[in-house]
Amino acid sequence: MSDIIKRNVSILGPNDFTGIKLGEPAEYAAGLPAVKVALQHAFNEMGVNKSFRALTRMNQKEGFDCPGCAWPDPEKRSKLGEYCENGVKALAEEGTHKTVDKDFFAKYSVEELSEWSDFKIGKSGRITEPMVLRPDKINYEPISWKEAYELIAKELHALNSPNEAAFYTSGRSSNEAAFLYGLFVRAFGTNNMPDCSNMCHESSGVALSETLGIGKGSVKLEDFGQAEVILVIGQNPGTNHPRMLSALQKCKENGGKVVSINPLEEAGLIRFKNPQEIKGILSSGAALTDIHLQVKINQDVSLLKLIIKKLARLDKERGDVFDHEFIKKYTSGYANLLKDIERYSNEELLKLSGVEEESVNKVVRLLANKEKIIICWAMGLTQHKNGVENIKECVNLLLLKGSLGKPGAGTCPVRGHSNVQGDRTVGIMHHVSPALNTSIEKTFGFTPPDKEGLDTVHTIKAMHDKKVKVFMALGGNFLSAASDTLFTAQALQNCNLTVQVSTKLNRSHLITGKTALILPTLGRSELDVKNGQPRFFTVENSMGKVHQSKGLMKPISDKLISEPEIIGGIADAYFNEGHIVEWKELSENYELIRKKIEKAIKGFDDVNIRSKGSGFYLPNNVRDLDFSKLPNQKAQLSICDLPKHEVAENEFILMTIRSHDQFNTTIYGLDDRYRGIYNERRIVMMNKNDMTKYNLNKLDVIDLISNYDGNQRKAINFLVIPYNIPEGNIAAYFPETNVLVPYDHFANKSHTPISKSIVVQIEKK
């Protein structure tokens, strides 16, 4: 074999500007502009006929699940289309006519492709056949499926321990693929199963498990129409989960109130023009937010403590603000919680939060007289050092109000990718579940490993230290999604083999191990046929409902196979018929996989039948007010410390955010329409007073610098944009600013990166 060459690849891609245009932030979300933009994306990528055929089936009961977010579908589906702008964009990316084939890779080396922007890389098209990048090459070459499986098996057999491999999962995978993947990894002998949850809602899972006994939310979609108050905290649904706006609209139509708590006032929570309704398009739209609290970055605990403290004082006077019967029957820790809030003065909490007191008082007066309360949140709460405590403070408020286990009330962590919650339910986890291990042993006849595996941040460290030598990703764009981009890139390059199961090209295909494989798979919208019979998958939405998803579009290439078959092919090659599990048979028969899931995972009884139509809800102890598995058999009220940020005079707290033309790391376009920013991603939003203080003008060019533990990280060339954001806070898009996030600074317990509260300095060019 030829010597291994060091590829001259660009980790971050270009840092030049693309021609910024600025407008005013939008005053509403959706409406005709959203319809126009969505259809333009679809027509440009798929053509008119294919677009309309696919859109009429997306999120319908006999159709396929949106490849975007995990927001649930209503029982009654809209005839105009049950999807949002970003859902259409996600479908367009998957259904594009553009292809990345052997000729493409012969023309462009990984070195040349790495100089492209993430946007340009993503727009290349669908990968059509298995490809390999060999140690002495800078161009991918075709490889047969059989040879690819044998290459992976050879590298896995060469390891000194199964723990020298790590197997990542994105939230795109189906329940069937994720279950089979987790089964293979455990049969292989490790629990090194980092997944995208580690980087987003892991803080939610930890907090909810410790306080309520389940790492999921408790509300159903119909609860939104019955809620008296909905608190939307650290979340931008207009861009990230647009169909949620319809649920908020239903709340408002039924007399409910919406409170938004966020450093940025987002258009999607100001006013909503529902494109599924004629009146939503022709009218001025529905006002959503009744009260907006512009909290400083990561001061949510301070604000929530202040609200609870004010409610406690009212309760002392009136005796009916808190639900004392509920507290006594179902909770533990009430006296300690009351004692804790007395440690803080109103003035201290108010100053830390940065919110006007009258606005806080309005929320207090509203909550004092309501009991049907839903709290929704996303990354704005989870991606902090104290991410777990942020969620626990939300749970405190709900428990004090008795706002659980009743219609119109409960917890609502709004998940990102379409089956990220389902993947975890069916066994994708790095920690050990004795119950699951027992079920697997009983169902399949082998003993799974009982040593905790590596999560995402510790997988990165292990690869960097050359302790993990093989890395496989079932979907996703690991390099761009992870924190500390340069460190993560070096970690991946230290591997002997990296394997990506993908639909489209992304930066993780260019920053690789010594040998790299791309294994192309069917998309969610594509027809999956075996022996002349169409097959379906199942997924779990953000609220714990499992339902079918069946593609209908002709696959872009006849060389694509499904994720379960890829996993089965790898397992079959590795074990070479020397294992108790019939991997090939299982991977080709999804019905058989589901029967095994039914035996191994609680709540999946008769899944092959019950997943049809609207599907079925999995068990949820909070809905039943069953806290028997928790200490004292009670839900836990928590003592949460205030966040601690050591910020010098010349430093800011940066939060990374998405643009409107983006879903996770996928860049659909260069416009952030709702924020009035067009044709540019390298921007920093800054308060005008801070700009004056540091002698900065609009569109000045700056670098961003973070210093943690003596290590300096720099993101270069960003344009300053004056924006309505609290003083001392700034915001910029990821993945461009992920380079600033230290891999080894993360949330306590959950290990979620601190991507929403990074201390940075600015350096004017």
Side-chain angles (χ1 to χ4, degrees), residues 1-2 4 7 99-106 110 113 126-159 162 164-170 172-173 177 180-181 183-185 187-188 468-478 492 495-506 508-523 526 528 530 555-579 583-588:
M1 179 182 286
S2 303
I4 296 171
R7 304 178 186 110
T99 57
V100 173
D101 55 16
K102 61 182 180 182
D103 293 334
F104 176 93
F105 284 117
V110 292
L113 290 170
R126 289 287 301 277
I127 304 166
T128 61
E129 58 188 310
M131 305 298 297
V132 62
L133 181 65
R134 300 193 186 276
D136 57 341
K137 302 288 186 178
I138 59 173
N139 288 78
Y140 276 100
E141 301 168 342
I143 186 173
S144 70
W145 281 106
K146 183 175 184 295
E147 187 182 359
Y149 297 150
E150 290 173 348
L151 191 159
I152 296 170
K154 179 181 177 181
E155 290 289 345
L156 292 178
H157 278 296
L159 299 176
E164 290 183 343
F167 301 85
Y168 174 78
T169 314
S170 85
R172 186 203 68 211
S173 302
L180 194 64
Y181 193 50
L183 190 70
F184 166 65
V185 175
F188 172 66
V468 163
K469 301 173 182 178
V470 173
F471 175 82
M472 177 174 173
L474 189 66
N477 180 0
F478 187 81
L492 289 166
C495 290
N496 293 332
L497 173 68
T498 51
V499 182
Q500 306 284 338
V501 179
S502 308
T503 56
K504 293 191 66 190
L505 194 66
N506 62 53
S508 294
H509 300 124
L510 312 177
I511 314 301
T512 70
K514 298 174 182 65
T515 301
L517 282 169
I518 302 175
L519 306 181
T521 188
L522 293 168
E526 289 176 317
D528 184 353
K530 193 70 176 181
I556 195 70
S557 166
D558 59 7
K559 294 182 180 179
L560 303 183
I561 61 177
S562 71
E563 286 185 334
E565 289 180 297
I566 293 172
I567 297 161
I570 294 170
D572 200 48
Y574 177 78
F575 289 111
N576 194 23
E577 299 182 357
H579 196 261
W583 295 102
K584 192 172 188 300
E585 179 187 5
L586 198 60
S587 68
E588 294 177 352

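In this structure, CD1 on Ile138 lies 12.0 Å from CG on Leu510, to the nearest 0.5 angstrom. To the nearest 0.5 Å, the span separating CD on Glu150 from OG on Ser144 amounts to 7.5 Å. Here the CZ atom belonging to Phe478 is positioned 4.0 Å from the CZ atom belonging to Phe471, to the nearest 0.5 angstrom. A distance of 7.5 Å separates CE of Met131 from OG1 of Thr128, quoted to the nearest 0.5 Å. Remark: Lys154 NZ to Glu147 CD distance equals 10.5 Å, nearest 0.5 Å. Here the CZ-CG distance, from Phe184 to Leu156, works out to 5.5 Å after rounding to the nearest 0.5 Å.
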Dump the intermediate steps for side-chain contact (heavy atoms from CB on, under 4.5 Å) on Leu586 and Leu183, then the final yes or no.
CA-CA 11 Å; Leu586 198 60; Leu183 190 70; 4.1 Å; yes
Determine whether Phe104 and Thr99 satisfy the following criterion, side-chain contact (heavy atoms from CB on, under 4.5 Å), listing intermediate values before the conclusion.
CA-CA 8 Å; Phe104 176 93; Thr99 57; over 6 Å; no
Step-by-step side chain to side chain donor-acceptor pair (under 3.5 Å) determination, Ser173 to Glu563
CA-CA 8 Å; Ser173 302; Glu563 286 185 334; 3.3 Å; yes
Kindly determine whether Thr512 and Val110 satisfy side-chain contact (heavy atoms from CB on, under 4.5 Å), including the steps that lead there.
CA-CA 10 Å; Thr512 70; Val110 292; 6.0 Å; no
Apply side-chain contact (heavy atoms from CB on, under 4.5 Å) to the pair Leu133 and Tyr140, showing each step before the final yes or no.
CA-CA 4 Å; Leu133 181 65; Tyr140 276 100; 3.5 Å; yes
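The heavy-atom pair separating Val470 from Val468 by the smallest distance is O-CG1, 3.5 Å. Looking at every heavy atom in both residues, Leu492 comes nearest to Thr498 through O-CG2, 3.9 Å. Here the closest non-hydrogen pair linking Ser587 and Pro564 is CB-O, 3.1 Å. Contact record, Asn506 with Gly476: ND2-O, 3.2 Å, taken as the closest heavy-atom pair. Taking every heavy atom of both residues into account, Ala165 and Phe188 meet most closely at CB-CE2, 3.9 Å.
Formation of a donor-acceptor pair under 3.5 Å by the Arg7 side chain with backbone atoms of Lys137 is found in this model. Of the possible polar contacts, one joining the Glu129 side chain to the Lys102 backbone as a donor-acceptor pair under 3.5 Å is found. No donor-acceptor pair closer than 3.5 Å links the side chain of Asn576 to the backbone N or O of Gly578.
Using a 4.5 Å cut-off on side-chain heavy atoms (C-beta onward), Ser502 and Pro520 make no contact. Between Thr503 and Arg172, some side-chain heavy-atom pair lies under the 4.5 Å cut-off. Counting heavy atoms from C-beta outward, Glu141 and Phe105 have side chains that stay 4.5 Å or more apart. For the pair Arg126/Glu526, a side-chain contact is recorded, criterion being any heavy-atom separation below 4.5 Å from C-beta on. By the 4.5 Å heavy-atom criterion applied to side chains, Leu113 and His509 are not counted as neighbours. Ile567 places none of its side-chain heavy atoms less than 4.5 Å from the side chain of Phe167.
Checked against Leu474 for a side chain to side chain contact (heavy atoms under 4.5 Å, CB included), the options Leu180, Val501, Leu519 give a single hit: Val501.
By the 30° and 60° cut-offs, the orientation of the rings of Phe575 relative to Trp583 is parallel.
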